[in-house]
*Asks:* 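Below is a structure I'd like to ask you about.
Heavy-atom basis, side chains included; hydrogens, waters and symmetry copies ignored. Both ligands and their constituent atoms are indexed starting at 1 by order of listing. Quantities reported herein were computed from a predicted structural model and do not represent experimental measurements.
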Amino acid sequence: MKIKNVAIAVSGIALALSLAACGGGSTPTADTTTPADGGGEAPAAEGYNLVPKDIDGDGYITLGFAQVGAESGWRTANTQSYKDYFVEANGFKLIFADANQDADKQKQDVRDLITQGAEVIDLAPVTDSGWEPILEEAKAAGIPLIVSDRQLSVSEDLYLTYFGGDMEAEGNRAVEWLTKYMADNSVAEAKIVHLQGTIGSTAQKGRSKALDDAVAANANWSLVAQQTGEFTQAKGQEVMESILQQNADFNVIYSENDDMTYGAIDALTAAGKKVEDYIIISFDGNKSAVQMVIDGKIDVIAECDPLLGPQVGDLIKKAAAGETIAKITYSVEGVIDSSNAAEKITVAFGS
Ligand code: GZL
């Protein structure tokens, strides 16, 4: 039995939470590495000398956006931030490609963007493997490529810059929150159901590594179940239903995005369980999920900012103007729990 009420009673839990803005299109921090010089004589980055420019002279830079899909509230907000920002009023045109969460289709999407006249490509990769040949083709075609949202394990001379969340850091914030919650509330054991995101995405890899490392380091933590819910509500519900049918004994749910969390909560409710009896950890920070923190259903959300469009646009403009841009820029993110949810819901993204 979770002792959340006691936690509220002894309220004094003052988590040193990052009050960093998230979801409000916050400008990137200085949390960057390997400065890259865009334009001019200097290469845009070590071994990478392509910078965005108006190749066809129509007065606009055409961005080809290779998007993951439409699997979650985060993705919907992410796509909208690009469609809102990359417009002629801001000096851009947009060609949009939706991979429908299909990694192979996405590789063809990038090839198509090259032939369709993209002058810079933004790739949000479904998964992080097998990209080198495609990135080589974009480079050979003289089209600068930006990686956003999820990182790639490729040589830095194959892309201009990365902008998005640091997924392992997000996972570590969630794990640190759970560690403190257990200590402050005398929770003896963490028996964990782990709902993973799309296997092979760096969002899943980073968030899963943080939990796997913590389970290995804490004798009183154990994984009761670990399965992908593919970042969707329907699959998250299906996985939780099957776990409940096995009468598994657990007290913690570590769910790698809000949509799978919604599905898991639906499954618990349908099975007659009291949601408040479980310590529920989620990722992203959709408005509905933040409301569930206020309502006492979700205990903590590790933030992940989807509103990347304006910030990527800013990096493109800087590189096009020959300014130095960092090779990697991570979003400013923190955690949302009962201590700051009322404030965070005022800037939360989505519905
Ligand atoms: C994270 C992003 C993840 C979100 C999910 O940057 O790639 O994919 O956490 C989304 O909601 O589906």
*Asks:* Can the ring centroids of Tyr82 and Phe65 be said to lie less than 6.0 angstrom from one another?
*Replies:* yes
*Asks:* Please report which non-hydrogen protein atom sits nearest to atom 11 (O) of ligand 1, along with the residue it belongs to and the distance in Å to one decimal place.
*Replies:* Asp284 OD2, 2.6 Å
*Asks:* Look at the side chain of Asp337 and the backbone N and O of Val300, then say whether any donor-acceptor pair between them is shorter than 3.5 Å.
*Replies:* no
*Asks:* Identify, by atom number and element, the atoms of ligand 1 in contact range of Met167, meaning under 4.0 Å from any of its heavy atoms.
*Replies:* 1 (C), 6 (O)
*Asks:* So for Arg207, does at least one of its heavy atoms come nearer than 4.0 angstrom to any atom of ligand 1?
*Replies:* yes
*Asks:* Run the side-chain hydrogen bond (donor to acceptor under 3.5 Å, both in side chains) test on Gln196 and Ser208 for me, step by step, so that the C-alpha distance in whole Å, both residues' side-chain angles and the decisive distance to 0.1 Å come before the verdict.
*Replies:* CA-CA 7 Å; Gln196 296 179 289; Ser208 292; 3.0 Å; yes
*Asks:* Which residue owns the protein heavy atom closest to atom 8 (O) of ligand 1, what's the atom, and how far is it?
*Replies:* Arg150 NH2, 2.9 Å
*Asks:* Tell me, do Thr228 and Gln204 make a side-chain contact under 4.5 Å, heavy atoms counted?
*Replies:* no
*Asks:* Test: salt bridge (charged side-chain N to carboxylate O under 4.0 Å, His left out). Region: residues 81-105. Which pairs qualify, not counting sequence neighbours?
*Replies:* Asp58-Lys93, Lys105-Asp109
*Asks:* Please indicate whether any nitrogen or oxygen in Trp74 is less than 3.5 Å from any nitrogen or oxygen in ligand 1.
*Replies:* no
*Asks:* Less than 3.5 Å between some nitrogen or oxygen of Asp149 and one of ligand 1, yes or no?
*Replies:* yes
*Asks:* Which ligand 1 atoms does Ser72 reach within 4.0 Å, using its non-hydrogen atoms?
*Replies:* 5 (C), 10 (C), 11 (O), 12 (O)
*Asks:* Hey, does Cys304 sit under 4.0 Å from ligand 1 if you only count heavy atoms?
*Replies:* yes
*Asks:* Which atoms of ligand 1 have any heavy atom of Glu71 under 4.0 Å away?
*Replies:* 8 (O), 10 (C), 12 (O)
*Asks:* Could you tell me if Lys297 sits above the aromatic ring of Tyr262, with its cationic atom closer than 6.0 Å to the ring centre and no more than 45 degrees from the axis?
*Replies:* no
*Asks:* Applying side chain to side chain contact (heavy atoms under 4.5 Å, CB included), run through Leu268 and Leu244 and close with a yes or a no.
*Replies:* CA-CA 8 Å; Leu268 288 167; Leu244 289 167; 4.0 Å; yes
